[in-house]
Amino acid sequence: MASMGTFIAKTPSTPHPIPNAFKPQLPSRLRLVSTLRLPSAATAGAAKGRNPTPRRPGVSCSLIEPDGGRLVDLVAPEGTAREALRREAAGCPQIKLSRIDLEWVHVLSEGWASPLGGFMREAEFLQTLHFNCLRLGDGSVVNMSVPIVLAIDDAQKRAIGDLRRVALVDAQGKPVAFLSDIEIYKHNKEERIARTWGTTAPGLPYVEEAITKAGNWLIGGDLEVIERIKYNDGLDQYRLSPVELREEFSRRNADAVFAFQLRNPVHNGHALLMTDTRRRLLEMGYKNPVLLLHPLGGFTKADDVPLSWRMKQHEKVLEDGVLNPETTVVAIFPSPMHYAGPTEVQWHAKSRINAGANFYIVGRDPAGMSHPIEKRDLYDADHGKKVLSMAPGLQRLNILPFKVAAYDTKQKKMAFFDPSRPQDFLFISGTKMRTLAKNRENPPDGFMCPGGWKVLVDYYESMETQEGNKFREAVPA
């Protein structure tokens, strides 16, 4: 893999002290967010005494505060505390975690979902489903658009009975975490699916992998993780926590952090958008904007390129100088992928606030996919960026919509689309890109760096060796 000059690998260090876990406390009478009035773009600015027209943000060298004012850290301290928890697990009811469940434990434990302190109880689950946000005890609102829940079946519910604490174990039975002060409530799968995806059509990848066959109950509570989640796949050094990312941004003296979420290989159109964003931030007056290139590392659908190959491809992009390693931090975002469009893109943006990003790049149809049974996109391509601009709890985040980039046949490179000469531009879809790579055909010169393209070709050759021309089954990336 790449050297330290290219990627940011974790090194042993003493992290800055993190405040104790901050769990949302709801008032005794659940004043949920039904009273929340979503402001228009104009009234949102006026409500804060700002000019409602767009303006250049003020320049500050401090990183954006995490949601709730602090990052939660749900990992037990090293030493005797961890050993005691491992011993305790043997005498507790145990819930075996799926791969996706373990990814959510990872997400929660490092504070990506701050201020959430564990798997959702029913009040948090309902707020997420119906309002895409949580109201905290002080009346403030933080965004939360996807349920982070743990399902159990009838037999597990009976085994738990009236107990208030359970152990969570991995597929091999190794203790991973504890849930305390637990609450068990009904898992209404149809409601969850309909409100998260806007459809109950069959064929939704996350639904089929994690919901359809899951138990009919959800268990929520305070999470305590025995030790940091590791996957031992050769990529753990790139799974930087929000704390570590903030430390790295501070080390680089970043006065702005702009995040780019992706689950696909980086082509030169992506790179153009990222470098142009940095140029725009410099023009705003920032001195050292830093890019967080943040590939999604959890569950992905069958035809997405697996994480290990994507990381190899991203490495080549930096090695070939398409992106500047001095102003780019590459790390893995541990969340599973829902493919829930405008609902999910809020989660992607919110979690990057907790990592220290105050700018978020959003493109066409973020977190979207093709309709599983009809020949069309599942979501309107523009709704994701529109929703982000007015989503509750995301007012502090600056949304940077994509410019449209395509292959300029005259200049023979990726460029921003010029509507005055549309005949000169070629749009190369992800499907077209995958087809070219599978057939060992080269894209037009300037579409992707040669080293990055070779990684894609090598991946599809490896797939042919393993399974002929068939895609692998859907598995976590």
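All residue numbers refer to positions in the sequence shown, counting from 1.
- The number of heavy atoms from other shown groups lying within 6.0 Å of NZ (Lys413) does not exceed 12.
- Side-chain atoms of Phe119 and Leu108, non-hydrogen and from C-beta on, do get closer than 4.5 Å to each other.
- Under 4.0 Å is where a charged nitrogen must lie from a carboxylate oxygen, and between Glu227 and Lys174 at least one such pair does.
- Side-chain contact annotation: Ser335 with Trp112, donor-acceptor N/O pair under 3.5 Å absent.
- Between Lys316 and Glu319 a salt bridge is recorded (basic side-chain N to carboxylate O distance below 4.0 Å).
- You'll find the side chain of Val243 stays beyond 4.5 Å of the side chain of Asp73, heavy atoms only.
- In this structure the side chain of Ile399 reaches within 4.5 angstrom of the side chain of Val362, judged on heavy atoms.
- Comment: Glu461 engages Arg440 in a salt bridge, judged by a side-chain N to carboxylate O separation of less than 4.0 angstrom.
- Between Leu150 and Leu97 there is a side-chain heavy-atom pair separated by less than 4.5 Å.
- Between Phe416 and Phe402, the distance from one ring center to the other does not fall under 6.0 angstrom.
- In this structure, the separation between CG on Leu296 and CG on Asn264 is 10.5 Å, given to the nearest 0.5 Å.
- Shown here for Ser114 and Val72, the closest heavy-atom pair between the two residues is OG-N, 3.0 Å.
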Exercise for the section: Mind running salt bridge (Lys or Arg N to Asp or Glu O under 4.0 Å) on Arg228 and Glu244 for me, showing each step along the way? Expected result: CA-CA 13 Å; Arg228 190 165 184 173; Glu244 290 166 328; 2.7 Å; yes
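- Scanning for ring pair (Phe, Tyr, Trp, His ring centres under 6.0 Å) contacts around Trp309 gives Tyr459, with sequence neighbours left out.
- For the pair Val75/Arg82, a side-chain contact is recorded, criterion being any heavy-atom separation below 4.5 Å from C-beta on.
- Across Arg195 and Thr343, no two heavy atoms sit closer than the pair O-OG1, 4.4 Å.
- Counting only distance, with no hydrogens or angles, the side chain of Glu344 and the backbone of Ala340 share a donor-acceptor pair below 3.5 Å.
- Between Asp276 and Arg278 there is no salt bridge, since no side-chain N of the basic residue sits under 4.0 Å from a carboxylate O of the acidic one.
- The pair Glu248-Arg251 meets the salt-bridge criterion, since a charged nitrogen lies less than 4.0 angstrom from a carboxylate oxygen.
- Judged by distance alone, the side chain of Asp255 and the main-chain N or O of Lys287 form a donor-acceptor pair under 3.5 Å.
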Practice task
Let me see the working for Tyr460 and Val305 under side-chain contact (heavy atoms from CB on, under 4.5 Å), right down to the final yes or no.
Solution key: CA-CA 9 Å; Tyr460 285 110; Val305 177; 4.0 Å; yes
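- Electrostatic pairing of Arg364 and Asp382 does not count as a salt bridge here, judged by no charged N lying under 4.0 Å from a carboxylate O.
- Ion pairing between Arg263 and Asp304 holds under the 4.0 Å rule for side-chain N and carboxylate O.
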Exercise for the section: Go through the steps for Lys96 and Asp170 under the test salt bridge (Lys or Arg N to Asp or Glu O under 4.0 Å), then give the verdict. Expected result: CA-CA 6 Å; Lys96 184 168 287 189; Asp170 65 15; over 6 Å; no
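- In this structure, the ring of Trp347 has its center no less than 6.0 angstrom from the ring center of His338.
- Taking a cutoff of 4.0 Å between a charged side-chain nitrogen and a carboxylate oxygen, Arg239 and Glu110 do not qualify as a salt bridge.
- The two atoms that bring Pro175 and Arg86 nearest to each other are CG-O, 4.4 Å, heavy atoms only.
- A pairwise comparison of heavy atoms in Ile229 and Val225 identifies CD1-CG1, 4.2 Å as the closest pair.
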Exercise for the section: Begin with the C-alpha distance, continue with both residues' side-chain angles, and end with the deciding distance and a verdict on salt bridge (Lys or Arg N to Asp or Glu O under 4.0 Å) for Arg99 and Asp101. Expected result: CA-CA 5 Å; Arg99 173 74 182 209; Asp101 294 334; over 6 Å; no
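- Using modelled atom types and a 3.5 Å distance limit, the side chains of Ser351 and Asn354 yield no donor-acceptor pair.
- Once rounded to the nearest 0.5 Å, the distance linking CD1 of Ile332 with OH of Tyr238 reads 8.5 Å.
- Between Leu63 and Asn358 the shortest side-chain heavy-atom distance does not fall below 4.5 Å.
- Using a distance-only test at 3.5 Å, with no hydrogens or angles considered, a donor-acceptor pair links the side chain of Ser109 to the main chain of His106.
- Shortest non-hydrogen contact noted between Val322 and Asn268 is CG1-OD1, 3.7 Å.
- Using a cut-off of 4.0 Å between Lys/Arg side-chain N and Asp/Glu carboxylate O, Glu247 and Arg252 are scored as not salt-bridged.
- When the shell of 6.0 Å around NZ of Lys432 is examined, it contains 12 or fewer heavy atoms from other residues, nucleotides or ligands.
- Under the 4.0 Å criterion applied to side-chain N and carboxylate O atoms, Asp408 and Arg421 are assigned as salt-bridge partners.
- One distance of note links NZ of Lys312 with CG of Leu307; it measures 11.0 Å at 0.5 Å rounding.
- For the pair Asp377 and His371, the minimum side-chain heavy-atom distance is 4.5 Å or more.
- The main-chain N or O of Val207 is found under 3.5 Å from a side-chain atom of Thr212 such that the two form a donor-acceptor pair.
- Aromatic ring pairs are classed by plane angle as parallel below 30°, tilted from 30° to 60° and perpendicular above 60°; the pair Phe299 and Tyr206 is perpendicular.
- Here the NE2 atom belonging to His270 is positioned 12.5 Å from the OG1 atom belonging to Thr275, to the nearest 0.5 angstrom.
- For Tyr407 and Phe427, the ring centers sit 6.0 Å or farther from each other.
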Handout entry: Steps toward side-chain contact (heavy atoms from CB on, under 4.5 Å) verdict (Leu168, Leu179)
Key = CA-CA 7 Å; Leu168 309 181; Leu179 270 186; 4.2 Å; yes
Which pairs would a plain distance check flag for residues 441-455, meaning a side-chain donor or acceptor within less than 3.5 Å of a matching protein atom at least two apart in sequence or in another chain?
{"unit_1": "Trp453", "atom_1": "NE1", "unit_2": "Glu441", "atom_2": "O", "d": "3.3"}
{"unit_1": "Lys454", "atom_1": "NZ", "unit_2": "Asp458", "atom_2": "OD2", "d": "2.9"}

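- Of the candidates Gln261, His348, Arg352, Arg352 is the only one forming a side chain to side chain donor-acceptor pair (under 3.5 Å) with His294.
- The main-chain N or O of Tyr231 is found under 3.5 Å from a side-chain atom of Asp236 such that the two form a donor-acceptor pair.
- In this structure a side-chain-to-backbone donor-acceptor pair under 3.5 Å is present from Asn143 to Pro392.
- Across all their heavy atoms, Gly368 and Tyr379 have their closest contact at CA-CD1, 4.1 Å.
- Annotation for Glu78: atom CD does not count as buried by contact number, only 12 or fewer foreign heavy atoms lying within 6.0 Å.
- Of the possible donor and acceptor atoms, none in the side chain of Thr409 sits under 3.5 Å from a partner among the backbone N and O of Phe425.
- Rounding to the nearest 0.5 Å gives a distance of 8.5 Å between CG of Leu204 and CD1 of Ile211.
- Distance check: Met414 CE to His267 NE2 gives 5.0 Å after rounding to the nearest 0.5 Å.
- No donor-acceptor pair under 3.5 Å is formed between the side chain of Gln313 and the backbone N or O of Pro265.
- Tyr286 places none of its side-chain heavy atoms less than 4.5 Å from the side chain of Phe258.
- A donor-acceptor pair under 3.5 Å is absent between the side-chain atoms of Gln346 and the main chain of Ser145, judged by distance alone.
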